[in-house]
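What follows is a single structure, written as structure tokens, with notes after it.
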Amino acid sequence: WWYSVDRLAGRRLRPMGSGVWAGSGFLNRAPCAGDVSWGTPITVVPMSRSPRRSPPVPASAPRGSGQVRIIGGRWRGTKLAVPDRPGLRPSSDRVRETLFNWLMPVLPGARVLDLFAGTGALGLEALSRGAAHATLVERDPGLAAALRDACVRLGAQATVVAQDALAWLAGQQATFDLVFLDPPFADGLWEPALAALQPRLATDAWVYVESPAGTVPPAPPGWALHREGQTRDVRYALYRALAPQGAGTLRHDDSPATTE
């Protein structure tokens, strides 16, 4: 005999005569030995449904990959790939938006160095907002190739260098107006990188430094802290590497450093 499982759950069957049982199902034969006796309560447990399976992840999608976007300027909204690499940690949208608000007056025409470029989010953001040229230094060959592809796609005035940042600095003669220094946190490269940068800075250049929250890399002598801020994960700070008779701050005054 057959019955509807969904409609019988927790209900009692009762005889109706002529071998037919009442309830939500039906019986097409007379009762026989072994059947339940008349009036016996029957509880039917509905069959559980098979759980839904999540759609499979395409094999081509690298584990941990993602995207970061350019947040302002002519390339606003452009997405940059973030491959799964140890130590690769692009600056968040919130941090970059704050930083580039600070930098707005000095970006037009600036010569920019993104020393540990990674995804290129900082250097390309600067170009998007009016910098004249950016040099993007990245030792990982895969990341450097992705940077070249992004520069070609955007038509960016940029040079991509696939080399160790400190080794590259040691052989350079060019100087830069703005430097982004955001090395892999685990490598602890702030002090040697800041020391190697000194000869490559233009007069009164600006240097952005990002480090773990609560960590303040010592700035070289003569550098003035202009602005700083902190999130749960990172401290971010903008310095001015003043010449001996250097000017004041971005606002052309002698206001003290402020915290965001």
Side-chain angles (χ1 to χ4, degrees), residues 57-104 106-169 172 174-185 187 189 193 197 200 205-210 233-234 236 238:
V57 177
S60 58
R63 184 179 180 183
S65 63
Q67 293 178 326
V68 65
R69 65 185 179 92
I70 295 175
I71 56 178
R74 56 180 168 157
W75 300 324
R76 179 180 180 181
T78 299
K79 294 179 179 178
L80 306 172
V82 182
D84 184 16
R85 293 288 194 280
L88 183 61
R89 177 201 39 76
S91 301
S92 69
D93 284 6
R94 171 190 166 187
V95 169
R96 283 184 291 122
E97 186 168 4
T98 300
L99 168 63
F100 283 95
N101 285 339
W102 296 344
L103 290 172
M104 192 179 301
V106 297
L107 282 173
R111 298 161 294 170
V112 175
L113 172 61
D114 193 350
L115 194 55
F116 299 88
T119 64
L122 294 175
L124 293 175
E125 185 81 40
L127 288 174
S128 179
R129 294 174 182 248
H133 186 274
T135 300
L136 312 175
V137 182
E138 175 52 54
R139 67 182 179 183
D140 183 285
L143 293 176
L147 286 172
R148 291 192 186 96
D149 291 344
C151 291
V152 170
R153 173 164 52 95
L154 296 171
Q157 294 295 315
T159 301
V160 177
V161 179
Q163 192 175 343
D164 176 80
L166 299 183
W168 177 82
L169 277 174
Q172 290 307 300
T175 58
F176 301 92
D177 305 305
L178 171 61
V179 178
F180 298 115
L181 182 61
D182 181 15
F185 286 178
D187 293 351
L189 295 174
L197 270 177
R200 304 279 64 84
W206 297 91
V207 182
Y208 170 74
V209 180
E210 192 166 318
D233 300 316
V234 302
Y236 52 100
L238 182 62

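Computed from a prediction, not measured in an experiment: that's the story for all the values here. We count residues from 1, following the sequence as given.
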Could you check whether atom CZ of Arg111 has more than 12 heavy atoms from other residues, nucleotides or ligands sitting under 6.0 Å from it?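 Yes, CZ of Arg111 has more than 12 neighbouring heavy atoms, counting only those of other groups under 6.0 Å.
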Main-chain N/O of [Y] paired to [X] side chain as donor or acceptor, under 3.5 Å:
X: Arg200; Y: Ala174; value: yes
X: Ser128; Y: Arg74; value: yes
X: Glu138; Y: Gly118; value: yes

Got Leu99 and Phe180 here, is their nearest side-chain heavy-atom distance under 4.5 Å?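 SC-SC contact between Leu99 and Phe180 confirmed.
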Just verifying a value: how many Å separate [X] [atom1] and [Y] [atom2], rounded to the nearest 0.5 Å?
X: Asp182; Y: Asp114; atom1: CG; atom2: CG; result: 8.0 Å
X: Ile70; Y: Leu80; atom1: CD1; atom2: CG; result: 5.0 Å
X: Phe100; Y: Ile71; atom1: CZ; atom2: CD1; result: 7.5 Å
X: Leu136; Y: Leu124; atom1: CG; atom2: CG; result: 5.5 Å

Starting from the C-alpha separation in whole Å, work towards a yes-or-no answer on side chain to side chain contact (heavy atoms under 4.5 Å, CB included) for Asp140 and Phe116. CA-CA 10 Å; Asp140 183 285; Phe116 299 88; over 6 Å; no
Does the pair Val106 and Leu178 meet the rule for a side chain to side chain contact (heavy atoms under 4.5 Å, CB included), with working shown? CA-CA 9 Å; Val106 297; Leu178 171 61; 5.6 Å; no
Side-chain polar contacts of residues 153-168 - donor-acceptor pairs under 3.5 angstrom, sequence neighbours left out - could you list them?
| from | atom 1 | to | atom 2 | distance (Å) |
| --- | --- | --- | --- | --- |
| Thr159 | OG1 | His133 | NE2 | 3.1 |
| Asp164 | OD2 | Leu166 | N | 3.2 |
| Asp164 | OD2 | Ala167 | N | 3.0 |

